[in-house]
Every structure is written in structure tokens, then in C-alpha cells.
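Shown next, in C-alpha cells, is the structure this report addresses.
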Protein chains: 2
Amino acid sequence: MRKIPKPTIRRLAIYYRCLERLEQQGEENISSKLLAQMVHIKDSQVRKDLSYFGSFGRRGIGYNIQKLLSEIRKILGIHKSWRVVIIGAGNIGQAIARFKHMEKHNFQVIGVFDTDKRKIGKQITNNLVVSDINSLESFIVHNQAEIAVIATPAEAAQSVAERLEKAGIRGIICFAPITLDCNIPVEYVDITVFFKTLVHSVVSQTHNV
Amino acid sequence: MRKIPKPTIRRLAIYYRCLERLEQQGEENISSKLLAQMVHIKDSQVRKDLSYFGSFGRRGIGYNIQKLLSEIRKILGIHKSWRVVIIGAGNIGQAIARFKHMEKHNFQVIGVFDTDKRKIGKQITNNLVVSDINSLESFIVHNQAEIAVIATPAEAAQSVAERLEKAGIRGIICFAPITLDCNIPVEYVDITVFFKTLVHSVVSQTHNV
DNA sequence: CCCCCTTAGTTCTATTTTTCACAAATTTAT
DNA sequence: ATAAATTTGTGAAAAATAGAACTAAGGGGG
């Protein structure tokens, strides 16, 4: 199989949320053209992205929404539920832990950890309490957590990542503003980077136009 | 001036956070090679990125950290402070409002808005209280807010975006899982998309290796 | 002073990603 | 039944991005 462009994967996740909406609206089929319009890209891009994985549409008709949802679930690996632990019970960590969309999208937050004695024991949701980070490894092994969220300060992130990897975690979402050294997949989400790139668009727009 | 690649801008923001750390550690200069290693890219990429904007280094020495920080600040437009309003006081909206790094990076959250009567009036931080969204436009105009964060449900996002644009907001960070129709710059941050792309890496890694 | 080592800036090349354009499949209208 | 209108899937072209290689500076040691 050909190599899949990274942007294609991200777009699949975006198509997915459009399809969910369309399904909810009771639509049955969608053309690449309409789907492309919904996300402001070219229709050829939509077709190419999907064609990396198979032929899911019918010429003259478009794509069956239910079927495409199911195919994308399999491609992305979200047809099963994933167990998530969160390290760091600050603003970001707590927000993710309480975030309704997580569970809805099959990401089950099963543990939240922190070093701060004042946070340990704090009730985050009905069935989530902040645990001591000392119990991190045993918890991961015992509950077979697969994904971890690093929401610690930058200073702590690298050593946490190493502990996570060693304990068997298979992928990391890193909110800490640092690039990690590790051998499992990492997605970086530095909130302030989005603000900074946005501001650049804002200022360069004014210059040019 | 040549056209600047979008990824270059994002990387500048990432170099910036490295440089901040190096500055704090008392370093004076940094080579493209070392900076590249910190973020796991090639050194030629670092030099190329910077060269779009000028010659900031000294051959044989590297880049002066203070100077480079200052140059990147100017390039990105973060040498001045930006006034931010947040629409939607749910988990994400509140987390951003309380997020320490915002103020530290010159993004000043000056207002939080919601439609929910139970949230309106709620104290978010020492000097932030959730306001009724009815007062959105007048607040923006009166306080000259420039950047807005949409942290509402997807259903509300488009109409909020239109109100923001009309009120004079110049850029939007959109956490709602939807693509907006509007004429000002938007950065999209769909948290669940990061989880989904991560999971794809995790499953495809196992398949191949 | 000269040689060697380091490193930025730049040009050229390679790779990746997007877009175009068209054949093939399917439905709808006449 | 045939023609017209849709719409996918894909190979080829174009555009964007990254990487390698080279040139020119700069510094330090003998």
C-alpha cells in the first residue's frame, strides 16, 4: 500500500465529524463535492484521500454516509474504545477529563494523576478522582491504559513521557510546550502556538491587503 | 518578499518556546544544529525558516538568543499584547480563561461570554466573570477586543463567528468541531481530532513493525 | 599569520502533497 | 432506448515543502 500523507489522516477525522452531522440530519448519501464545500477544500482532495484506502463511493451517487463513517472508523482505529490517562490535573488536564466529547468519541478517561498533594483526592467527575502520580505505572498496567495525555509543566513532561512509555502506553497527546524524546507516537497540542500563528495571519493580512 | 510556507510560521512559534527556555538557562547563543535537535528537525530547515525574514545569525557562532526572540516576536506579531474574548464558558472556555500561559504570552483574556443563565455571573478568575452573550458586541467594541475564542457547541459556532466578525474581531481560535464560513483568519483546534490522528499512528505502527 | 573547525545563508534537488483532467460507472429525463 | 447529467477513482501535472550541498564568514590555536 502507498504511503499515506499525514494531512490526509487529519482530514479523515474532519470528514468524520461532518458525516456524523449529516447522519444526524438524516442524510443518506453525500458527494465529494458537497463534503469538500463543508470543509473548504477541493472535491478532488476528498476523493484522493479516500482512495488511498479503497473505493467507498458509487459513481453518479456519492458516498453512503453510514458506510463511510464505518470505513473511516476502521481506518483511524476509533471503532474500538481507548483507555486514556491524564497526567497533570491543572486547567488543561481537568478540562480534558471533564470534556464530554471524549467519551462520546470512544476515548475513555480512566485516570488523572498529579504530584501536588492539594490536588490529589480531588473529585474531577462522578467517577474520577485525582491520584498520586506514584501509582501511575501500576495503574496503567493494571487497567491497561493505552493513551496518555501529558498536561504537566514542560519541566516534568520528558520524565513523565519516559515513565509512560516504559509502562506500556502506546501513544501520547502532549499539551506541554516541549518536544519529547520517545519512541511511541506523540501528537503535540500547544495552545499558545495556535494563538501565535493566528496573530501572524492577522498582522500579515493587514500589511498586504 | 517570497511567500512564507504555513509550516514555517508554526515552527517559528516552536523555536520561540525553545529560545525562551534557553534564555532562562542563561545561554547566549544557539546554533541551528542544536535548535533543530531540540525539535527533531533538520538544521537546514531552521536556517531556511529564518532566512525568509532576514539574516539573524553570525557564521561560526550561531544565533543570539535575545535577538532571535525579539525578531520572532516581531515576525509573529506577539511583541504587543492582544485582547481576547472567549465565547462559551464550558470546560474548554474556562480552561483557556484560567490558563496561565495565555497572559504570560501576551494574550490577555478580558471577557468570557455564555448564553446559559446558570453560568452568567460565575467567577472564573480574580478579575473575570462570565457575561451574558447579549453584551458581546458592545463589549468588543468598547474594550477593543481583537481575538476571539469560540468554545461553544458546534451548532452555535457559525452564528457566533458572524457576530464576532461584524463586531470587529480580527482573528478566531475555534474549538468547536465545525468549519466556519468567515472572512477573518481562523485557527481550528479540534481536540478530538488530535486523539483520532494519534490513534491512527498507534494502530498503523503495530501493523507495519 | 595561517590553517582548521564551526556555522549561517543560499541555491539547487528531491520529496511530498495538492490539483487537474478525464475515463468509467450510474442515474434521470425524454 | 438513448442522451444528458452526475459523480467516482486515478494517473499525470503542478505546487508546495523539505533536504542536501555548497559558499562565505567568523573564531581559535599554533
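Computed from heavy atoms alone, side chains included, the values below leave out hydrogens, waters and symmetry copies. So that the names make sense, note that chain A is the first sequence line, chain B the second, and so on, each numbered from 1.
Distance A:Lys6 NZ to D:dA18 C1': 15 Å, rounded to the nearest Å. B:Leu34 places its CG atom 12 Å from the C1' atom of C:dT6, with the value rounded to the nearest Å. Here D:dG19 presents its C1' atom at 11 Å from CZ of B:Arg11, a figure rounded to the nearest Å. In this structure, B:Gln37 places its CD atom 11 Å from P of C:dT7, rounding to the nearest Å. Rounding to whole angstrom units, CD of residue B:Gln45 and C1' of C:dA8 are separated by 15 Å. For B:Ile4 and D:dT17, the CD1 to P distance is 11 Å, given to the nearest whole Å. The interatomic distance linking A:Asp49 (CG) with D:dT8 (P) rounds to 13 Å, in whole Å. The distance between atom CD of B:Glu71 and atom C1' of C:dA8, rounded to the nearest whole Å, is 15 Å.
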May I have the list of side-chain donor-acceptor pairs in residues 24-42 of chain B shorter than 3.5 Å, sequence neighbours left out?
from: B:Ser31; atom 1: OG; to: B:Leu34; atom 2: N; distance (Å): 3.2
from: B:Ser32; atom 1: OG; to: B:Arg47; atom 2: NH1; distance (Å): 3.1
from: B:His40; atom 1: NE2; to: A:Asp181; atom 2: OD1; distance (Å): 3.1

For residues 9-16 of chain B, run the donor-acceptor check on the side chains, cut-off 3.5 Å, and write out each pair with its distance to 0.1 Å, sequence neighbours left out.
from: B:Arg11; atom 1: NE; to: B:Asp49; atom 2: OD2; distance (Å): 2.6
from: B:Arg11; atom 1: NH2; to: B:Thr8; atom 2: OG1; distance (Å): 3.4
from: B:Arg11; atom 1: NH2; to: B:Asp49; atom 2: OD1; distance (Å): 2.9
from: B:Arg11; atom 1: NH2; to: B:Asp49; atom 2: OD2; distance (Å): 3.4
from: B:Tyr15; atom 1: OH; to: B:Asp49; atom 2: OD2; distance (Å): 2.6
from: B:Tyr16; atom 1: OH; to: B:Arg73; atom 2: NH1; distance (Å): 2.9

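Aromatic ring pairs are classed by plane angle as parallel below 30°, tilted from 30° to 60° and perpendicular above 60°; the pair A:Phe194 and B:Phe194 is perpendicular. The aromatic rings of B:Phe195 and A:Phe107 lie tilted to each other, with the angle between the two planes from 30° to 60°.
Looking at heavy atoms from C-beta onward, A:Tyr63 lies out of side-chain contact with A:Leu19 at the 4.5 angstrom threshold. Side-chain contact between A:Asp114 and A:Ile133 is absent, with no heavy-atom pair separated by less than 4.5 Å. The side-chain heavy atoms of B:Tyr52 and B:Pro5, taken from C-beta on, include a pair separated by under 4.5 Å.
With sequence neighbours left out, the side-chain contact (heavy atoms from CB on, under 4.5 Å) criterion links A:Ala145 to A:Val85, A:Ile110, A:Ile140, A:Ile169. A:Asp190 meets the side chain to side chain donor-acceptor pair (under 3.5 Å) test with A:Thr192, B:Arg17; sequence neighbours excluded. With sequence neighbours excluded, no residue forms a side-chain contact (heavy atoms from CB on, under 4.5 Å) with B:Lys166. With sequence neighbours left out, A:Lys6 forms a side-chain contact (heavy atoms from CB on, under 4.5 Å) with A:Glu187. A:Glu137 pairs by the side-chain contact (heavy atoms from CB on, under 4.5 Å) definition with A:Arg163, A:Ala167, not counting sequence neighbours.
The side chain to side chain donor-acceptor pair (under 3.5 Å) contacts involving residues 146-158 of chain B comprise B:Lys80-B:Glu146, B:Gln158-B:Glu162, where partners must be two or more places apart or lie in separate chains.
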Please write out the pairs of protein N or O atoms and N or O atoms of nucleotides 12-16 of chain C separated by less than 3.5 Å, giving the distance to one decimal.
none

Taking N or O atoms only and anything under 3.5 Å, show me the protein contacts with nucleotides 3-5 of chain C, one pair per line.
none

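Bending across the helix from C:dC1-D:dG30 to C:dT30-D:dA1, expressed as the angle between its end axes from five pairs apiece, amounts to 0° (10° rounding).
The nucleotide whose nearest atom lies closest to any side-chain atom of A:Arg47 is, among C:dT19, D:dG9, C:dT18, D:dG9. Closest approach to the B:Lys42 side chain among C:dT18, D:dT10, D:dA20 is made by D:dA20 (side chain taken as heavy atoms from C-beta onward).
Distances shorter than 4.0 Å separate none of the side-chain N or O atoms of B:Ser55 from OP1 or OP2 on C:dA8. When the side-chain nitrogen and oxygen atoms of B:Ser32 are compared with OP1 and OP2 of C:dA8, one or more of them lie within a distance under 4.0 Å.
Residue-level contact check: A:Ser44 touches the bases, meaning some heavy atom is under 4.0 Å from a base atom.
For the segment residues 58-68 of chain A, residues with any heavy atom less than 4.0 angstrom from an atom of DNA chain C are, sorted by number, A:Arg58, A:Arg59, A:Gly60, A:Ile61.
In this model, no donor atom of one side chain and acceptor atom of the other lie less than 3.5 Å apart for A:Gln108 and A:Glu103.
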